[in-house]
Amino acid sequence: MNILGVMGLSAGAAIAFQAAMNAQLGKVLQNNLLATCYAFLSSFLIIAVLTAYVWVNKGQGSGGEQAEFMPNSLGAVPWVLWLSGLFSAYGVASLYYLIPKYGVGNVMSYALTGQIVIAIIISHFGLFDSPIKEVSMVKVAGAVLLVLGVILINKD
């Protein structure tokens, strides 16, 4: 496994930790939507600072001038891509709602299955300019085994 594989695994682990912690935060605050607001606000602030740092320092490599902070191509973004925030809000808020009821492992197993199945479809058709990775029988078998695994994980 290369560094990108390790990064992917650690990203998945971070999502599981974050979901469990914010589900507990929602429980303590008695408001899952408030926990969702905190998750998005803190994420926004961290990424905004990181983005500003990268853009400012990017310009210094080419003679010291600062890079533009806002891309000129905002108007060129297809409208459907702006819906990504809706999917993110639904997914995150749903996790925070479901985890206290069903447990982190159970909910994350369903979430991961949904992610992988949809990712296979997106990759097969090259949606959103993704690299095309055609569905094969091996991938179908892997998805079926994943679903069977989720059934076993969630069996009481």
Side-chain angles (χ1 to χ4, degrees), residues 3-58 67-131 133 135 139-140 142-156:
I3 189 70
L4 297 179
V6 171
M7 186 182 230
L9 286 173
S10 68
I15 290 169
F17 275 115
Q18 178 267 344
M21 293 167 77
N22 272 44
Q24 181 62 23
L25 178 63
K27 205 169 166 185
V28 170
L29 296 174
Q30 297 179 351
N31 189 327
N32 291 319
L33 292 177
L34 188 56
T36 304
C37 286
Y38 167 75
F40 281 109
L41 178 62
S42 61
S43 296
F44 170 78
L45 293 173
I46 291 166
I47 297 301
V49 168
L50 181 60
T51 301
Y53 174 79
V54 168
W55 277 350
V56 166
N57 288 314
K58 176 180 158 188
E68 277 187 62
F69 198 92
M70 191 57 91
N72 292 328
S73 59
L74 285 177
V77 175
W79 68 269
V80 71
L81 297 182
W82 295 113
L83 297 177
S84 66
L86 294 174
F87 286 104
S88 184
Y90 170 75
V92 170
S94 295
L95 291 177
Y96 301 162
Y97 175 77
L98 292 170
I99 286 172
K101 295 174 178 358
Y102 298 111
V104 178
N106 294 12
V107 172
M108 293 306 283
S109 68
Y110 285 121
L112 179 61
T113 302
Q115 288 175 339
I116 290 175
V117 169
I118 295 302
I120 289 171
I121 293 168
I122 289 170
S123 293
H124 178 76
F125 292 105
L127 300 178
F128 313 111
D129 206 23
S130 297
K133 305 286 184 183
V135 174
K139 288 183 183 178
V140 170
V144 168
L145 290 172
L146 179 66
V147 170
L148 290 174
V150 169
I151 291 169
L152 292 175
I153 288 169
N154 289 288
K155 189 170 178 63
D156 285 336

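Predicted model, so just to flag it, every value in this text is computed and none were measured. Basis for what follows: all heavy atoms, side chains included, without hydrogens, waters or symmetry-related copies.
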Participant: Checking V49 now: which residues fulfil side chain to side chain contact (heavy atoms under 4.5 Å, CB included) with it, not counting sequence neighbours?
Facilitator: none
Participant: Is the backbone N or O of L34 less than 3.5 Å from a side-chain atom of N31, with the two atoms forming a donor-acceptor pair by type?
Facilitator: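 Judged by distance alone, yes, a pair lies under 3.5 Å.
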Participant: Please step through side chain to side chain contact (heavy atoms under 4.5 Å, CB included) for the pair V144 and L148, ending with a clear verdict.
Facilitator: CA-CA 6 Å; V144 168; L148 290 174; 4.3 Å; yes
Participant: Would you list the atom pairs, donor with acceptor, under 3.5 Å between side chains in residues 87-95 and any protein atom, with sequence neighbours excluded?
Facilitator:
{"unit_1": "S94", "atom_1": "OG", "unit_2": "Y90", "atom_2": "O", "d": "2.7"}

Participant: Excluding sequence neighbours, so at least two apart, what forms side-chain hydrogen bond (donor to acceptor under 3.5 Å, both in side chains) with T36?
Facilitator: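 Partners of T36 under the side-chain hydrogen bond (donor to acceptor under 3.5 Å, both in side chains) test: none.
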Participant: Report the residues that fulfil side-chain hydrogen bond (donor to acceptor under 3.5 Å, both in side chains) with Q18, sequence neighbours left out, ordered by chain and then residue number.
Facilitator: Y96
Participant: Rounded to the nearest 0.5 Å, what separates atom SG in C37 from atom CG in L29?
Facilitator: 11.0 Å
Participant: Please list all pairs meeting side-chain hydrogen bond (donor to acceptor under 3.5 Å, both in side chains) that have one or both residues in residues 143-156, counting only residues at least two apart or in different chains.
Facilitator: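 Non-adjacent pairs meeting side-chain hydrogen bond (donor to acceptor under 3.5 Å, both in side chains): N106-N154, S109-N154.
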Participant: What distance do T113 atom OG1 and I118 atom CD1 have between them, rounded to the nearest 0.5 Å?
Facilitator: 11.5 Å
Participant: Enumerate donor-acceptor pairs with a distance under 3.5 Å from any side-chain N or O in residues 3-11 to protein atoms, sequence neighbours excluded.
Facilitator:
{"unit_1": "S10", "atom_1": "OG", "unit_2": "V6", "atom_2": "O", "d": "3.3"}
{"unit_1": "S10", "atom_1": "OG", "unit_2": "M7", "atom_2": "O", "d": "2.9"}

Participant: Taking all atoms of both residues into account, what is the closest heavy-atom pair of A16 and V104, and its distance?
Facilitator: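 In this case the closest contact between A16 and V104 is O-CG1, 4.3 Å.
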Participant: With rounding to the nearest 0.5 angstrom, report the CE to CD distance, M108 to Q115.
Facilitator: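 If we round to the nearest 0.5 Å, M108:CE and Q115:CD are 7.0 Å apart.
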Participant: State whether the number of non-hydrogen atoms from other residues, nucleotides or ligands found under 6.0 Å of F40 atom CZ is greater than 12.
Facilitator: yes
Participant: Does the side chain of K139 reach to within under 4.5 Å of the side chain of H124, using non-hydrogen atoms?
Facilitator: no
Participant: Which atom names give the shortest non-hydrogen contact between N22 and A35, and what distance separates them?
Facilitator: ND2-O, 3.3 Å
Participant: Locate the shortest heavy-atom distance separating S43 from A39; write the atom from each residue and the value.
Facilitator: OG-O, 2.7 Å
Participant: Just verifying a value: how many Å separate I153 CD1 and L146 CG, rounded to the nearest 0.5 Å?
Facilitator: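 The CD1 atom of I153 sits 8.0 Å away from the CG atom of L146.
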